[in-house]
There are 2 protein chains.
Amino acid sequence: MNAPVSAIERLQLELPELDWITDPNRIERLSQDFSWFSPVLKRRLEGKVADTVVRPRTEDEIRRLVAACAKLKLPLTIRGSGTGNYGQTTPLAGGVVLDMTGYNAMLWVRPGVARAQAGIRLAEIEKATRPGGQELRCLPSTYRSATLGGLFGGGFGGVGSINHGPLGAPGNVIGLKAMTIEPEPQVVELRGAEALRMHHLWGTNGLVLELEIALAPAQPWLETLATFTGFDAALAFADALARAPGLAKREVAFFASPVPDHLTQLAEHLPRGCHAVLSLVAEAGEEAMNELVAAHGGSVTYRRTAEDVAKSNRTLMEYTWNHTTLHALRVDKGLTYLQTSFTPGEHVRQITELAKRYEGEVLMHAEFLRTMDGLLTCSALQLVRFSTEERLAQIIREHRDYGVRINDPHTFIVEDGKAGGELPEEVVALKRRFDPLALLNPGKLRHWPVRSAP
Amino acid sequence: MNAPVSAIERLQLELPELDWITDPNRIERLSQDFSWFSPVLKRRLEGKVADTVVRPRTEDEIRRLVAACAKLKLPLTIRGSGTGNYGQTTPLAGGVVLDMTGYNAMLWVRPGVARAQAGIRLAEIEKATRPGGQELRCLPSTYRSATLGGLFGGGFGGVGSINHGPLGAPGNVIGLKAMTIEPEPQVVELRGAEALRMHHLWGTNGLVLELEIALAPAQPWLETLATFTGFDAALAFADALARAPGLAKREVAFFASPVPDHLTQLAEHLPRGCHAVLSLVAEAGEEAMNELVAAHGGSVTYRRTAEDVAKSNRTLMEYTWNHTTLHALRVDKGLTYLQTSFTPGEHVRQITELAKRYEGEVLMHAEFLRTMDGLLTCSALQLVRFSTEERLAQIIREHRDYGVRINDPHTFIVEDGKAGGELPEEVVALKRRFDPLALLNPGKLRHWPVRSAP
């Protein structure tokens, strides 16, 4: 009889009742996300893999796992469905990947609020809220598979952010329950601003068990594509539609030519070479929107009512945000992307100038949204024809010099991505409180040591 | 036997089945609105009274009345409940006042849209839409008595405009049915931009029979007052609350001291000398709002849930917009008011500077709303301690010189009020088409002759 040789084996022997994933192919897959959108991350994350993956089903299972990992000083990387793009769920130091998708109960739905376990898929939340006339405020294009905890831990917002801003805008996330990573794990409820200190930190400063989020009243959304022969007319239409306070909407995206040519599943609705605007507008606004399309010389080439969408289970939402990039990568492996925030009020000029400056190399795809301060602007997820890492870094530098913000999607260091610099003191304090042994997702925070699995 | 001596008498003899109001006191009352808020209008409209008032109940009755008036060349002034403030329903040339409040059926409610006859009270629309989870997008503080046609013909927006902008923003009014004023009246459906050419023209360019309007999904609104010791803190809180994209809201109003001291019915919640912010925020946002109040050093002094409001049938909405003025006038007859639009993004500075400049004479009350272009700003309905008409005119002039827009509420000429100048060609074209005999509300359009009742 062989004695256990590694901490991982000891862990598994100690907790045999947990759902351990041992197949190396599955472990490899569950150590990854969509970081392959970036050739830089693809290279840097090559071969980074967990020693094991575990999928707990109850808070008690999570508690036993965490206690044992803390005692054994085993690195713990939390993941949802792995729809992120920054390698945030790839363990740099091996250890345990904690797959939260088995911890997925809807807890309750009330007027304007819902609470669920972190591993629930976003689509499941909407299934629970729609009968009562409510929907998610912000959802990524990956909402079918993405989890609530994953959105909170590594997401930004998405469809709906044109109304409610990023997920991190006060009021969107109301509270959460989190566990400390200690031999005797504590379970703590955080509310409001305090809860947001765990947002977009890739599970480095706490293990989120439950989330309480604000909901929006559901509306019947008309999904349309409007196409234009000119860049300026298409962008002006998108901006006017996004601004119009009398036109309720959930999503407005602008695809400059040749981005639409990459959306092959919609090819019959996107004349080759067109500029296109994808939108979800409340059905009651159709006539007013059509007047606006006509005033800008465009044509509505695709139109599905809310009922059409529900029946077909096909939605244009799955062509927005980073799904645009996904569709484009399917037809052109030579592409990667950028993430750019424009200056509210200057966004149309900035988009126009930058699209022109990098014509043929950086292809403009912009999403309309409100900032944390409620101002209408765009974020772009431009497609980039990749040549070298140096050229990519140069493009990023030039964009920054031009005066727009780049949320670099080619780094796996929290501080170098969207956080854009040092972490606020209160976030660091939360890290110390919830992860005193520095076991969570080691290597993702610049100033914490990477401790490999013992 | 005496032959009829006047056109009015002939009209009444011709249509005996109509509901004629003949009591002189009632005729006098039905010739007025709330223009007594303005000492200027009060003086100028003194003694202006209809020869008769009629209250039709069906489209057919309206048609017969209109046909007969056209044949007899009788001036026709349309009114709802008379909650306007510009004397828009006071007949300058006598004739017939057409009281639309008897023509008040709800026609239908669909997801996001409702259609009703013009004389319906706004509160009745909400009674019909609330069970299905919908509410009005914009409603004046007078919504209990104000009619839909009156809001369209002489109103602006109000509560809800912080989301949907003014009523005139494309998408809020979807269509209408209107009648031409001719011996053979035509009934015409106008949609979208064309329908809006009859908006805020005080019934001078068409008789609106039905309106089709967009609805908002209803939300449970928490009604609160937050009070502050400092002007700047109160205004900063109001602005932050108004902007916050994660805090769903229906109304944010700012009352600088000493405005709250005039709201005597709320006195127990408004410490003497306080600055106050009145808001309707979605209940789900209460915690985030409370954090914002605390961050600005304020206190929540009044709090009613949506259920409290529904049960008591008392709402803070009836202290907003021009109801503030009404409450203040009840305790101080020496007051009148202004209507001011600020520059989006400059509104906090402008409000602060103007409040200081006219301290003690012009008392700041600002309402947050979105512009037609979707930008967040304020409109003020400042209380003015009235001294002379010359001084009032000077204050208005100085505000304009300072760089803010005054929508003069002391005039009964359409072009001199909110329209702010000449009417667009297409509005004039609609006037010619719908009122070829120039019988509608004569004297309110600068360039049309006043034709007195024959």
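All values reported here derive from a predicted model rather than from experimental measurement. So you know, we letter chains A, B, ... as the sequences are listed, proteins then strands, and number each from 1.
Contacts of B:Thr371 with chain A are made by backbone atoms alone, with heavy-atom separations under 4.5 Å and no side-chain atom involved. Neither the backbone nor the side chain of B:Ala282 comes within contact range of chain A; no heavy atoms are under 4.5 Å apart. If you measure heavy-atom distances from A:Leu292 to chain B, you find no contacts under 4.5 Å at all. The contact between B:Met372 and chain A is made entirely by backbone atoms, counting heavy-atom distances below 4.5 Å. Heavy-atom distances place both the backbone and the side chain of B:Leu247 under 4.5 Å from chain A. Looking at B:Asn172, both its backbone and its side chain come within 4.5 Å of chain A, counting heavy atoms on both sides. The part of B:Glu287 that comes within reach of chain A is its side chain, from C-beta onward, which places non-hydrogen atoms under 4.5 angstrom from that chain.
If you tally non-hydrogen atom pairs under 4.5 Å between each of B:Gly112, B:Gly374, B:Gly285 and chain A, the highest count goes to B:Gly374. When each of A:Pro166, A:Pro170, A:Gly165 is checked for heavy-atom pairs under 4.5 Å with chain B, A:Pro170 comes out on top. Chain B forms more heavy-atom pairs under 4.5 Å with one residue of A:Val113, A:Ile174, A:Leu215 than with any other, namely A:Ile174. Taking chain B as the reference chain and counting heavy-atom pairs below 4.5 Å, the highest number among A:Gly171, A:Ala288, A:Pro245 is found for A:Pro245.
A distance-only check finds a donor-acceptor pair linking the side chain of A:Arg137 to the backbone of B:Gly246 [under 3.5 Å].
Checked for salt-bridge contact, B:Arg250 and B:Glu135 meet the test: a charged N lies under 4.0 Å from a carboxylate O. Taking a cutoff of 4.0 Å between a charged side-chain nitrogen and a carboxylate oxygen, B:Arg110 and A:Glu283 do not qualify as a salt bridge. Using a cut-off of 4.0 Å between Lys/Arg side-chain N and Asp/Glu carboxylate O, B:Glu212 and B:Arg191 are scored as salt-bridged.
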Inset, instruction - Go through the steps to decide whether A:Thr343 and A:Gln350 satisfy the test side-chain hydrogen bond (donor to acceptor under 3.5 Å, both in side chains), and finish with yes or no. - result: CA-CA 8 Å; A:Thr343 314; A:Gln350 290 173 340; 2.9 Å; yes
Inset, instruction - Show the numbers, then the answer: is there a side chain to side chain contact (heavy atoms under 4.5 Å, CB included) between B:His199 and B:Leu167? - result: CA-CA 9 Å; B:His199 169 51; B:Leu167 187 69; 3.9 Å; yes
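Side-chain polar atoms of A:Glu223 and A:Thr315 form a donor-acceptor pair below 3.5 angstrom.
In this structure, B:Val109 and B:Ile125 have side chains that are not in contact, with every pair of non-hydrogen atoms separated by 4.5 Å or more.
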